[in-house]
Structures are given as structure tokens and as C-alpha cells.
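Worksheet for the structure shown next.
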Amino acid sequence: NRPYTYHKTKKSNTKSSAKSSSSSLREDIVNNALKYEGIKYRSGGKTPDTGFDCSGFTGYIFTQNGIPLSGPSHKLAELGKQKSKKELMPGDLVFFGNEERISHVAIVSDASGDEIKVVHATTSAGVKIDEITGSEYWTSRFLFGRDVISK
């Protein structure tokens with residue numbers, strides 16, 4: 001397992017406790033997701049025992065962290081607040097597909113500089129980490145991000 005690298009920004013005294021709890025929750029979600037790296041892919045899978053598909057993995061991780069999520073990726077894409085690529089933070093959801101449909105969801109594990117890493121359940125390798133900004137495959141399919149953590 002690769003260690004999670006979270007780049008904290010300097011804390012100012014003006015931050016509200018809601019902001020710090022949101023930051024801590026984001027860290028918890030990502031750290032929890034990374035524990036499942038290597039779990040096999042299974043269509044319709046929603047638990048580590050059976051294996052995961054992308055939306056099953058996302059729902060499982062968020063529910064384990066007190067944010068109940070369930071449903072296919074196109075339903076998850078309706079939740080929270082939309083974000084652009086440059087606004088993404090660890091714990092945000094990112095969606096992939098084409099003009100016709102959303103086909104994949106992933107959890108941002110690191111968003112520093114121009115690099116965005118995600119943890120997700122892939123058909124080819126199960127739960128894994130991918131750097132999406134350097135990948136022609138993921139960049140060409142990226143649609144948008146959503147924040148389901150911030151209130």
C-alpha cells in the first residue's frame with residue numbers, strides 16, 4: 001500500500017470548526033478508500049467481501065464515513081455541488097463518460113498543483129489509484145467533479 005500524501009495548507013485562526021471538520025472528514029474518506037486498494041472488481045459489487053464496481057465502492061466508502069450514498073454513478077452525479085477540475089479537493093467525486101452518459105465515478109485522493117489522483121474501482125484492476133491529469137484515457141472522458149462533503 002502506498003502512503004497517502006495529503007498536502008495541508010497553513011491553518012489560519014479565522015477558519016471555522018466546520019471547515020476543519022470538513023478537512024478531517026475528507027482525509028478520513030481518502031484514507032479509508034486507500035485501505036481497499038487491490039480489492040477485485042465485480043459488476044454490481046457493493047462490499048469488500050464481494051468486490052466493488054465504481055459506484056458501489058464510492059457508496060461504501062462514503063457510507064462508512066457517515067455520508068450515506070448509494071445508486072449508480074449517474075444518480076451520484078446529481079448530488080452535492082458541481083466543481084471544476086481546478087476546484088477539486090481530496091474526497092470530492094469525479095465523473096467520467098461522454099455526451100450521452102456518465103459511465104464512471106471516482107474519489108479524488110490528491111489534488112495538488114496540476115496533478116489529480118483518484119482512488120476507484122476499475123474493471124481492469126479492481127480498486128486502484130490513478131493519476132488522471134496525465135492520462136489521455138481519463139482526461140478525454142472527464143466530465144466534472146462534485147462536492148458531497150461541504151454543507
Side-chain angles (χ1 to χ4, degrees), residues 1-9 21-151:
N1 264 352
R2 282 178 246 155
Y4 169 62
T5 54
Y6 181 73
H7 302 284
K8 289 190 178 185
T9 54
S21 74
S22 168
S23 174
S24 170
L25 178 58
R26 288 177 179 281
E27 203 169 330
D28 290 347
I29 286 168
V30 171
N31 285 329
N32 188 246
L34 294 175
K35 289 181 196 168
Y36 296 97
E37 192 175 0
I39 296 289
K40 68 182 182 208
Y41 178 86
R42 178 167 177 215
S43 180
K46 296 180 183 359
T47 71
D49 297 334
T50 61
F52 291 112
D53 68 9
C54 65
S55 58
F57 175 67
T58 301
Y60 181 83
I61 296 302
F62 276 79
T63 300
Q64 292 289 306
N65 285 277
I67 300 173
L69 292 184
S70 65
S73 52
H74 70 274
K75 286 294 185 192
L76 296 178
E78 298 170 1
L79 304 174
K81 181 184 103 168
Q82 190 156 325
K83 283 184 150 181
S84 70
K85 203 181 264 188
K86 67 177 185 276
E87 296 173 308
L88 292 172
M89 297 170 61
D92 285 336
L93 301 181
V94 286
F95 295 88
F96 301 89
N98 58 33
E99 311 80 44
E100 291 147 29
R101 72 183 199 100
I102 292 170
S103 57
H104 189 68
V105 60
I107 301 168
V108 175
S109 61
D110 188 20
S112 53
D114 293 334
E115 189 176 87
I116 298 168
K117 290 182 182 172
V118 299
V119 57
H120 55 155
T122 66
T123 54
S124 60
V127 177
K128 66 181 283 206
I129 299 164
D130 274 312
E131 197 278 305
I132 61 168
T133 41
S135 160
E136 189 178 320
Y137 179 86
W138 292 114
T139 300
S140 68
R141 289 162 176 79
F142 180 87
L143 297 173
F144 53 85
R146 300 222 41 116
D147 180 349
V148 295
I149 296 170
S150 302
K151 300 280 186 237

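- By the 30° and 60° cut-offs, the orientation of the rings of F57 relative to Y36 is perpendicular.
- Taking each heavy atom of P72 and S55 in turn, the nearest pair found is CA-OG, 3.8 Å.
- Without hydrogens or angle criteria, R146 side chain to L93 main chain gives no donor-acceptor distance under 3.5 Å.
- With a 4.5 Å cut-off on side-chain heavy atoms, V119 and V30 do not count as touching.
- Between F96 and H104, the ring planes lie tilted relative to each other; the angle falls in the 30° to 60° range.
- Side chain of D147 to backbone of G80: no donor-acceptor contact under 3.5 angstrom is found.
- Shortest non-hydrogen contact noted between A33 and I107 is CB-CD1, 4.4 Å.
- Contact check for H120 versus C54: no side-chain heavy atoms found under the 4.5 Å cut-off.
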Go through the steps for Y41 and T122 under the test side-chain contact (heavy atoms from CB on, under 4.5 Å), then give the verdict. CA-CA 6 Å; Y41 178 86; T122 66; 5.9 Å; no

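- R26 is listed as a side-chain neighbour of I149, based on a closest heavy-atom distance under 4.5 Å.
- Side-chain contact check for L76 versus F95: some heavy-atom pair is nearer than 4.5 Å.
- Heavy-atom minimum distance, F142 versus K85: CD2-CE, 3.5 Å.
- Inter-residue side-chain proximity for E131 and E115 is flagged as met; some heavy-atom pair is nearer than 4.5 Å.
- Checked options L69, I67, I61; the residue passing with N65 is I61 (criterion: side-chain contact (heavy atoms from CB on, under 4.5 Å)).
- To the nearest 0.5 Å, the span separating CD on E37 from OG on S109 amounts to 9.5 Å.
- A donor-acceptor pair is defined here as one N or O able to donate and one able to accept, closer than 3.5 Å; such a pair exists between the side chain of N31 and the backbone of E27.
- Between the side chain of T63 and the backbone N or O of Y60, no donor-acceptor pair lies under 3.5 Å.
- Atom CD in Q64 sits 9.0 Å away from atom NZ in K35 (nearest 0.5 Å).
- V94 approaches L88 most closely through the heavy-atom pair CG1-CD1, 3.5 Å.
- Interatomic distance, OG of S135 versus CD1 of I116, reported as 12.0 Å (0.5 Å rounding).
- Separating the NZ atom in K117 from the OG1 atom in T133 is a distance of 9.5 Å, to the nearest 0.5 Å.
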